[in-house]
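In what follows, every chain begins at residue 1, and chains take the letters A, B, ... in the order their sequences are listed.
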Protein chains: 2
Amino acid sequence: METRRDIFQAIADPTRRAIIALIALQAMTPNAIAEHFDSTRQAVSKHLRVLSECELIAQKQQGREIYYSLNVNKMKEIDGWLEQFRAIWETQFNQLDEVLQTMKSRKK
Amino acid sequence: METRRDIFQAIADPTRRAIIALIALQAMTPNAIAEHFDSTRQAVSKHLRVLSECELIAQKQQGREIYYSLNVNKMKEIDGWLEQFRAIWETQFNQLDEVLQTMKSRKK
DNA sequence: TAATTACGCAACCATATAGTTGCTTTTTTT
DNA sequence: AAAAAAAGCAACTATATGGTTGCGTAATTA
């Protein structure tokens with residue numbers, strides 16, 4: 001079990017997905033973000049750190065405030081991973097049956 | 001911290017993503033899948049259970065063997081979540097700067 | 001029918017994770 | 001200059017997670 005810190009692990013948490021959706025619309029400070037959730041500012045800050053570490057979000061200091069914004073480009077990596085399955089779901093038919101038929105005929 | 005069991009949590013694990021990619025090509029038994037990894041069959045079985053619980057995979061008994069196959073339709077849900085960001089990354093410009101400018105002018 | 005194979009299930013363990021509270025630093029306001 | 005606000009950092013806690021080994025059961029094969 002190695003310590004993972006990638007986009008997939010980052011979007012696994014529902015709070016983090018909510019944060020992503022929130023700042024996608026407009027850059028926000030940790031306090032402003034925390035107001036949308038039940039948990040403390042510190043908890044939100046931890047999520048922001050996870051998102052930062054995998055570069056899903058960027059930050060910009062503005063006086064004593066820090067604005068966090070979504071790095072939409074990084075989101076494309078998830079899209080890239082999905083790409084390999086897109087071909088499959090576009091030509092979906094009962095794949096399992098197909099495979100099992102093939103296997104049966106091979107045994108003969 | 002509630003116990004989650006959704007597609008996003010399911011694809012967070014790299015081994016599970018590998019399993020998904022593997023059975024996307026053709027339905028496989030737990031033993032056959034486990035051969036592709038370093039961990040034990042039981043560990044793989046646990047991953048298969050997680051994937052089953054969120055309906056990302058389907059199983060079909062064939063004698064004493066169980067063939068697991070990808071439920072490509074469920075994969076579309078990830079695509080659906082990404083949908084909301086697609087509009088943003090298609091019209092990407094420096095959003096953060098934009099927002100900060102707006103906020104500055106509002107203060108005046 | 002006895003041995004083997006495929007697989008799920010349960011118990012257990014170490015580590016990761018999400019959350020908390022408390023403290024410090026820096027910037028802004030009074 | 002003092003008080004307040006914004007946010008990071010550290011320590012700590014409970015629970016989730018990924019892994020293991022061992023065992024039971026059902027289907028094959030010898």
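- The A/H47 side chain lies nearest to C/dA18 when the options are C/dA18, C/dT20, D/dT21.
- For A/Q61 (side chain) and A/G63 (main-chain N/O), a donor-acceptor pair under 3.5 Å exists by modelled atom type.
- The distance between atom NZ of B/K60 and atom P of C/dG8, rounded to the nearest whole Å, is 17 Å.
- Projected onto DNA chain C by closest heavy-atom contact, A/G63 and A/D38 fall at different nucleotides, the more 5' of which corresponds to A/D38.
- As a whole-Å value, the separation of B/Q62 CD from D/dA26 P is 19 Å.
- Side chain of A/R41 to main chain of A/P30: no donor-acceptor pair is present (N/O by atom type, distance under 3.5 Å, no hydrogens or angles).
- Within the 3.5 Å criterion, the main-chain N or O of B/E55 finds no donor-acceptor partner in the side chain of B/E53.
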### Query
Which is it for A/F37 and A/L22 under the side chain to side chain contact (heavy atoms under 4.5 Å, CB included) test, yes or no, and what are the steps along the way?
CA-CA 11 Å; A/F37 302 97; A/L22 204 59; 4.3 Å; yes
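- A distance-only check finds a donor-acceptor pair linking the side chain of A/R16 to the backbone of A/A10 [under 3.5 Å].
- When rounded to the nearest whole Å, the span between CD of B/Q9 and P of D/dT15 equals 18 Å.
- Consecutive Watson-Crick or G-U pairs involving DNA chain D, each under 3.5 Å on both distances, make up stems of three or more pairs at C:1-30 with D:1-30.
- To the nearest 0.5 Å, atoms CG (B/N31) and OG (B/S45) are separated by 8.0 Å.
- Taking every side-chain heavy atom of B/S39 into account, D/dT20 is the closest of C/dT20, D/dT20, D/dG18.
- For the atom pair CG of B/D13 and CD1 of B/I19, the computed distance is 8.0 Å after rounding to the nearest 0.5 Å.
- A straight line from CD of B/Q61 to P of D/dA27 spans 7 Å, rounded to a whole angstrom.
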### Query
What one-letter contact string describes nucleotides 4-10 of chain D from 5' to 3', where B marks a base within less than 4.0 Å of any protein heavy atom, S marks contact via sugar-phosphate atoms alone, and - marks no contact?
BBSBBB-
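- Within the structure, ring-ring contact (aromatic ring centres under 6.0 Å, His included) pairs that include any residue of residues 5-34 of chain B comprise B/F8-B/W81 (at least two apart or interchain).
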